[in-house]
2 protein chains.
Amino acid sequence: MTYRLPSLNSLRAFEAAARHLSFKTAASELGVTAGAVSQQVKKLEASLGIALFRRLPHGLLLTHEGEAYLPPITKVFADLTAATEAIAPEINSRKFRVGMSSAARDKLPADWPNGSGGLRNHIRDWVETGDVELLRTDEIDCLIRPGGGPYGDLALIIIPDSGGAQALHFVCKPGLADCRQARAIVQDLTRNIAPAR
Amino acid sequence: MTYRLPSLNSLRAFEAAARHLSFKTAASELGVTAGAVSQQVKKLEASLGIALFRRLPHGLLLTHEGEAYLPPITKVFADLTAATEAIAPEINSRKFRVGMSSAARDKLPADWPNGSGGLRNHIRDWVETGDVELLRTDEIDCLIRPGGGPYGDLALIIIPDSGGAQALHFVCKPGLADCRQARAIVQDLTRNIAPAR
DNA sequence: GCGCAGGGATAGAATTTCTCGCCCTCGGCG
DNA sequence: CGCCGAGGGCGAGAAATTCTATCCCTGCGC
């Protein structure tokens, strides 16, 4: 019953890097720097005693072993996610609390987000604010503003204005940037963005 | 593709504690202190937002959720181990280098370990030594002596002398104490131990 | 030749994890 | 009834791990 395993952090780094074939892209997915990913992967390779990547001067390639390792590792993470969601649904299906500045509000339909059918499943409520600090204190999950920044280590998704003039900024913690809720909201914003009334 | 997961360390702590229904036993399996396991489990519970254990004044009980969580988590670790062994067989099937003091040697059959059929699959070679330091420097994987100590943070398995007088000590790093090789050797020692010639 | 993108190494900072010491509760036992 | 041991909780500080920030090098495109 004793398992002798490499550390999860290393494995996550490997999994992301192998999927993207890039330390840099993996790093941004994980919300850390490329150096950190590189180190974790190196550590993993050392602990396994085998090379998982071939470092080419211009990018990465999986070795034979790396190629064999990736699918089961991806599956393990998926299983883990599934098991975790099963007992703690909160973690991924919790609805977002949205912060929105009044300027951003003006660029969206008057009844947003209530008017947008599907969004009700992803948004719990919203408050009028432009304060990035509320993201850091977890009082809101994402913030919609008509630009601004800098946002430090927060993730930013820019929603281009269909009219051409000004875009919207969707800001959240890096780990939240790619989750279901964020994607749904961003997609909806993209559809509903409108020139100032 | 972004997974939001609790840390592997927490999960390992939970898995071991849930299997043993004891932080203390889990701690010794993992080679850390009970406090560390307790903290990791608490951290996991906090990150999931649910209680996994009921702490009774005299021991642990799994909550309903903990009960549901354990089997998939155990499976995940098993899968991970399998996948890792598949590409890096070294990690678990490497043969042991055994250290043995001359006194211990005298309590075993003259041709041990070569005489014991199955052991060839688990032992690479052996050297005559009683030096615990060689364990720490990884020059040997386990050490067999006719008693002694203290061994600090090393794991000790006592093999009782069938004659009744004196036992043998099997010493190794905590992480190795429960692996296939160690179990095979300990079992064989138990069978073959004999009073001094 | 130059700029840029992507990786590698390293040192130091930041965070996480572990240990240690002490507290509390409970059960068994003299 | 008092004492002891087992098991867990908590907090401070130490130790280990991980991350960042830099600077370097290589190869590509212009």
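Residue numbering restarts at 1 for every chain, and letters A, B, ... go by the order of the sequence lines.
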What is the distance, rounded to the nearest whole Å, between atom CG of Leu44(B) and atom P of dT17(C)?
-> 11 Å
Using whole Å, report how far CZ of Phe53(B) lies from C1' of dG9(D).
-> 15 Å
Separation of atom NZ in Lys43(A) from atom P in dG7(C), rounded to whole Å = 20 Å
Could you tell me which non-hydrogen atom of Leu62(B) sits nearest to which non-hydrogen atom of Ala18(B), and how far apart they are?
-> CD2-CB, 3.9 Å
Picking from dA12(D), dT20(D), dG8(D), which would you name as closest to the side chain of Leu60(B)?
-> dG8(D)
Please collect all ring pair (Phe, Tyr, Trp, His ring centres under 6.0 Å) contacts where either partner lies in residues 20-39 of chain B, sequence neighbours excluded, each pair once.
-> Phe23(B)-Phe53(B)
Criterion side chain to side chain contact (heavy atoms under 4.5 Å, CB included) on Leu11(A) and Tyr69(A), from CA distance to verdict | CA-CA 10 Å; Leu11(A) 286 169; Tyr69(A) 204 31; 3.6 Å; yes
Near DNA chain D, under 4.0 Å by heavy atom, which residues of residues 61-69 of chain B?
-> none
State whether the distance check finds a donor on one side and an acceptor on the other, under 3.5 Å, for side chain Gln39(A) versus base dT20(D).
-> yes
Could you check which of dC19(D), dT19(C), dG7(D) has an atom nearest any side-chain atom of Ala36(A)?
-> dC19(D)
Length of the NZ-C1' vector between Lys24(B) and dA6(D), whole Å = 6 Å
Ser22(A) has a side chain; which of dT17(C), dT19(C), dG7(C) sits nearest to it?
-> dG7(C)
Which part of the nucleic acid, if any, lies within reach of Gln40(A) when heavy atoms closer than 4.0 Å are counted: base, sugar-phosphate only, or nothing?
-> sugar-phosphate
Out of dC18(C), dG7(C), dT20(D), minimum distance to the side chain of Thr33(A) belongs to dT20(D)
Should Arg55(B) be listed as having a side-chain N or O under 4.0 Å from OP1 or OP2 of dG7(D)?
-> no
Give Leu56(A) one of three labels, base, sugar-phosphate or nothing, depending on what nucleic acid heavy atoms sit under 4.0 Å from its own.
-> nothing
Stepwise side chain to side chain contact (heavy atoms under 4.5 Å, CB included) check, Phe77(B) with Val76(A) | CA-CA 8 Å; Phe77(B) 280 116; Val76(A) 157; over 6 Å; no
Spatial distance of atom CD (Glu65(B)) from atom CD (Glu45(B)) [nearest 0.5 Å] | 10.0 Å
Counting only side-chain N and O atoms of Lys42(B), is one of them less than 4.0 Å from OP1 or OP2 of dG8(D)?
-> no
Reckon Ser38(A) has a side-chain N or O less than 4.0 Å from the OP1 or OP2 of dG8(C)?
-> yes
Atom CG of Asn9(B) and atom C1' of dC18(C) are separated, to the nearest Å, by 11 Å
Taking C-beta and beyond as the side chain, do Leu5(B) and Thr81(A) meet within less than 4.5 Å on heavy atoms?
-> yes
Calculate, to the nearest 0.5 Å, the distance between atoms CG and CZ belonging to Leu80(B) and Arg12(B) respectively.
-> 9.5 Å
Protein-nucleotide distance (Arg12(A), atom CZ; dC19(D), atom P), rounded to Å | 11 Å
Taking atom P of dG6(C) as reference, at what distance in whole Å does atom CZ of Phe23(A) sit?
-> 13 Å
Between dG7(D) atom P and His20(B) atom NE2, what is the distance in whole Å?
-> 13 Å
